[in-house]
Amino acid sequence: MKVIAGNWKMNGTRNGLKDMVAALQNVETENKVILCVPFTMLGVDGGKVSLGSQDVSTHDHGAYTGEVSAQMISDTGAKYVIVGHSERRQYHNETNDIVRQKVEAALSAGLTPIVCVGETMDEKQAGKTMEIIESGVRESIPNNIDKDIIVAYEPRWAIGAGLTPTTEEIAEAHKLIADTLTSMGLAGTPVLYGASVKGSNAAEIMSIPNVDGVLVGGASLKPDDFIPIITSVK
Ligand code: 13P
């Protein structure tokens, strides 16, 4: 069983989500399918698909105009939230410290956070990939948690670029993440790979050791692109 999560980013409509949910109802799979959609689409009946958001406030409630709390997300029936996506880190200056606070907020409301880590092209070229990944995991995830989380490795330079790391690079990153999680008492936490996943490379990527599923951007927007990813693995 793999986890196949879609990240719609700032795309789609409620009717479009209903169409996607309808298209996925007849797909035979044992994989766990999640769609993380804009806040405005939460509350749509996901059927077999679990829904999630793409961000969450660090705060519970109060005078934080424009923010959405974990409790509010949970109130829509959503079960997941992407936290620390590279686009949040890039455009909203989210640091590991902020991400950790968001993970805490999500967990306290019963949501499962999908915590993203990954290196930029500059960091990769400076030979810092492993350091960034390990500190991302250690600093973005609170200590002593006893609830489920998911981690996603998203090499930032490969997102939306049609680029993917080599099989060896993905294997090395995922082994480091799995070992780091084990040292934090979080052995068995699913680790997803995300960046330029499509139907033609999904099975190969998910055959790499320690890759427990995928987090898919562009190719999660249309059933014709997303379904082949879901059915590419048992
Ligand atoms: P793409 O699949 O479009 O590269 O996006 C990856 C991503 O950012 C998923 O969160």
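Just so you know, ligand 1 is whichever comes first in the structure, and atom 1 is the first atom listed for that ligand. Residues: numbered from 1 along the sequence shown.
Taken to the nearest 0.5 Å, the CG atom of L221 stands 11.0 Å off from the CG atom of L17. A distance of 8.0 Å separates CD of Q54 from CZ of F39, quoted to the nearest 0.5 Å. Here the straight-line distance linking atom OG1 of T76 with atom CG of L51 works out to 7.5 Å at 0.5 Å rounding.
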Close N/O pairs between ligand 1 and protein, under 3.5 Å:
| residue | atom | partner | partner atom | Å |
| --- | --- | --- | --- | --- |
| ligand 1 | 2 (O) | S196 | N | 3.4 |
| ligand 1 | 2 (O) | G217 | N | 2.9 |
| ligand 1 | 3 (O) | G218 | N | 2.9 |
| ligand 1 | 4 (O) | G160 | N | 2.6 |
| ligand 1 | 4 (O) | S196 | N | 2.8 |
| ligand 1 | 5 (O) | K9 | NZ | 3.2 |
| ligand 1 | 8 (O) | K9 | NZ | 2.9 |
| ligand 1 | 8 (O) | H85 | NE2 | 2.8 |
| ligand 1 | 8 (O) | E154 | OE1 | 3.4 |
| ligand 1 | 10 (O) | N7 | ND2 | 3.0 |
| ligand 1 | 10 (O) | H85 | NE2 | 2.9 |
| ligand 1 | 10 (O) | E154 | OE1 | 3.2 |
| ligand 1 | 10 (O) | E154 | OE2 | 2.8 |

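Between the side chain of H85 and the backbone N or O of E87 there is at least one donor-acceptor pair closer than 3.5 Å. At least one donor-acceptor pair under 3.5 Å links the side chain of S135 to the backbone N or O of E131.
Between A105 and A70 the shortest heavy-atom distance is O-CB, 3.3 Å.
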